[in-house]
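Predicted model only: the values in this text are computed from it and were never measured.
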Amino acid sequence: MRGGVTESMRPEAAALRQRAEIPEPAVFGARAIIACALLGAAGLLALAWLMPSPFVRQFFPALFLLPLGLLCLVRPSFAVLGIVAFIPLGPTELLPIADSQAIALTKIAGIGAAGLSALRYGLSRQFNGPVLGFLAAGTLAAAFGKTLPEVTLEEGIRSLIGSLAPFAFISARYDPRFYRAFILAVVAGPLASVLLSILVAPLGIGNGPIGVSRLDGMLHPANLASASTIALMAATLELVRGERRMLAWLGINAVILVGSGARVPLLLVTLFGLGILLLARTDHFRFGYKLKLTALAVPLLLVVGGIFGPQIIARSFTTWTGQSGFQFSGRDIIWGLFVDVIAGSPWFGYGIAAGRFAVSMQEVALLGSNAAHNEYLRLAVDVGILGVVLIFAGFLVWIARETRRLPPGEATVARGAALVFALHSITDNTLIALTMMVRVFWFAVVFDRARTEAAARRRFSRSSGRAWGAAGIRSASR
């Protein structure tokens, strides 16, 4: 009888141990906090409406942030999820402040969300190579590089914080119960951006879903392309892991990417897809399934290409003045200007934030932007060639170290995504864009999940006395 009681109690004890891995708040649970936030917001807004004082009407709605802050403090995953979901919705369009302030505020909020998650669930053991690379490169540039008169200490600090903000996600751990929600926020972001642009266009917010004959949603077409590229990588990884419902998200984001008219991301994603079909193999992603996937993808690509292809070809080979030849959209001009600046201090650069002032707007008045559209050139102005090498090495060590924990099939996808990012950085401002926060967050969550699953496999091996992948337990990929 005693032995029977013990046996019957084992599932219950296991469930208790599982729930105890992430302790619940002592006073409020997540549902109670959400209820308090909604009730508190409704009460404060009603009171503000009833009170005649303009000060009260402005101040009381601001108190809505208090229950939201409490919710984020108790459940940091909601804060992280909110930031990741908000970025594709266009902070520069939705927030009633200047674009630079909206970007800075969003990055600071991202740092805060990552910090709350680290406080609640602990620091990650991931090697934060990008942060170390940036700090080392910045230090060398400050010590040995030249200076530009426009680059003040305040500008340098602000730019450094903005550059490091996305990598705060690497140093935090996350609630395993939110892994699926995090991934869904990444893959659904571009579609949410397009749908929201349709809803708010009648209110005078944004430009609608299409601007200058290119799909842009709540973002610039280049940023929408970057978001959809990240979403395609995330959906591909989940598909390789056996999540068949990601097929729909692959199709949706492929249409958005083509509609954005971004040529290099489209080319890189096409090569990425071909590489995954050839190289990635798991129990869920075998030859037969790859063949079916190809059969589904080809008609979709033909239809979408027929709709958006002529416009992309026109942008690629003619200008608005009718000039023929391949068009770099002004990159060939601005790249030369940045190379000339780099030649003045090639090894250590001019200091963090110098890339913003390296080329004056007067020199590129016809282009309308003095951004490098090449992160390697921009970083070389900031921290020199040596600094670029340090930052690149930091990324490389981080990706190489963490992908070793992934099963081989999944590691192929993650490494391919990192390669796409490295190549995409040749033609676009990938590091300083807000979408970089979503990109780094996705990598961080994938690697955090890999560590959690590896720990579970080790616990299973110790408790069962057999290796993971033995009879009865199959590895998801190999």
Side-chain angles (χ1 to χ4, degrees), residues 84-94 182-201 205-239 243 245-274 276 293 296-316 329 413 416-417 420-421 424 427-430 433-439 441-442:
V84 174
F86 182 58
I87 288 173
L89 301 183
T92 56
E93 295 289 344
L94 294 178
F182 290 150
I183 298 298
L184 182 60
V186 173
V187 299
L191 177 62
S193 179
V194 174
L195 294 178
L196 181 63
S197 69
I198 298 173
L199 295 176
V200 301
I205 302 175
N207 301 317
I210 298 178
V212 198
S213 302
R214 298 173 64 183
L215 192 65
D216 59 2
M218 298 297 292
L219 304 170
H220 185 277
N223 289 329
L224 182 64
S226 180
S228 58
T229 298
I230 302 164
L232 284 165
M233 309 296 172
T236 301
L237 180 61
E238 300 309 303
L239 185 67
E243 188 66 56
R245 287 175 293 184
M246 284 294 161
L247 269 175
W249 288 113
L250 278 173
I252 291 170
N253 283 291
V255 172
I256 293 174
L257 176 59
V258 176
S260 71
R263 296 164 292 175
V264 171
L266 180 58
L267 173 63
L268 293 176
V269 167
T270 302
L271 295 175
F272 168 82
L274 292 174
I276 297 305
L293 185 62
L296 289 172
V298 169
L300 176 65
L301 291 176
L302 290 176
V303 172
V304 175
I307 297 173
F308 296 102
Q311 189 267 341
I312 295 177
I313 293 173
R315 284 185 58 243
S316 300
S329 300
V413 178
V420 167
F421 167 60
H424 188 188
T427 61
D428 278 299
N429 302 317
T430 52
L434 272 179
T435 50
M436 183 64 183
M437 299 189 72
V438 179
R439 191 190 303 268
F441 172 74
W442 173 67

Closest non-hydrogen atom pair, Thr236 against Ile276: CG2-CG2, 4.0 Å
Below 4.5 Å, heavy atoms only, C-beta onward: do Leu224 and Leu215 meet side chain to side chain? yes
Would you indicate whether the side-chain heavy atoms of Ser197 and Glu93 approach each other to under 4.5 Å? no
Are the side chains of Ile183 and Glu243 in touch, meaning some heavy atoms are under 4.5 Å apart? no
When rounded to the nearest 0.5 Å, the distance separating OG1 of Thr270 from CG of Leu257 is 7.5 Å
About how many Å separate CG of Leu239 and CG of Leu232, when rounded to the nearest 0.5 Å? 11.5 Å
Straight-line distance of Asn223 CG to Thr229 OG1, nearest 0.5 Å: 11.0 Å
Euclidean distance, Met218 CE relative to Leu199 CG, rounded to 0.5 Å: 10.0 Å
Is a side-chain donor or acceptor of Ser193 paired with a backbone partner of Gly189 at a separation under 3.5 angstrom? no
Which heavy-atom pair separates Met233 from Val413 by the least distance, and what is that distance? O-CG1, 4.1 Å
For Ser228 and Ala225, work out which heavy atoms get closest and say how close. OG-O, 2.9 Å
Got Val84 and Phe182 here, is their nearest side-chain heavy-atom distance under 4.5 Å? no
Taking every heavy atom of Val186 against every heavy atom of Ala231, the minimum-distance pair comes out as O-CB, 3.6 Å
Exactly one of His424, His220, Arg439 should register a side chain to side chain donor-acceptor pair (under 3.5 Å) with Ser226. Which one does? Arg439
Nearest heavy atoms of Trp249 and Ala235, plus distance in Å: CB-CB, 4.4 Å
Can you tell if the side chain of Phe421 reaches within under 4.5 Å of the side chain of Ile230, non-hydrogen atoms only? no
Side-chain touch Leu237/Met246, heavy atoms, less than 4.5 angstrom: no
Between Asn253 and Val187, is there a donor-acceptor pair closer than 3.5 Å when you use the side chain of the first and the backbone of the second? yes
Rounded to the nearest 0.5 Å, how far apart are CG of Leu293 and CG of Leu250? 7.0 Å
Between Leu94 and Leu89, what is the shortest heavy-atom contact and its length? CD1-O, 3.4 Å
Which of Ile252, Val255, Leu196 passes side-chain contact (heavy atoms from CB on, under 4.5 Å) with Leu191? Answer is Ile252
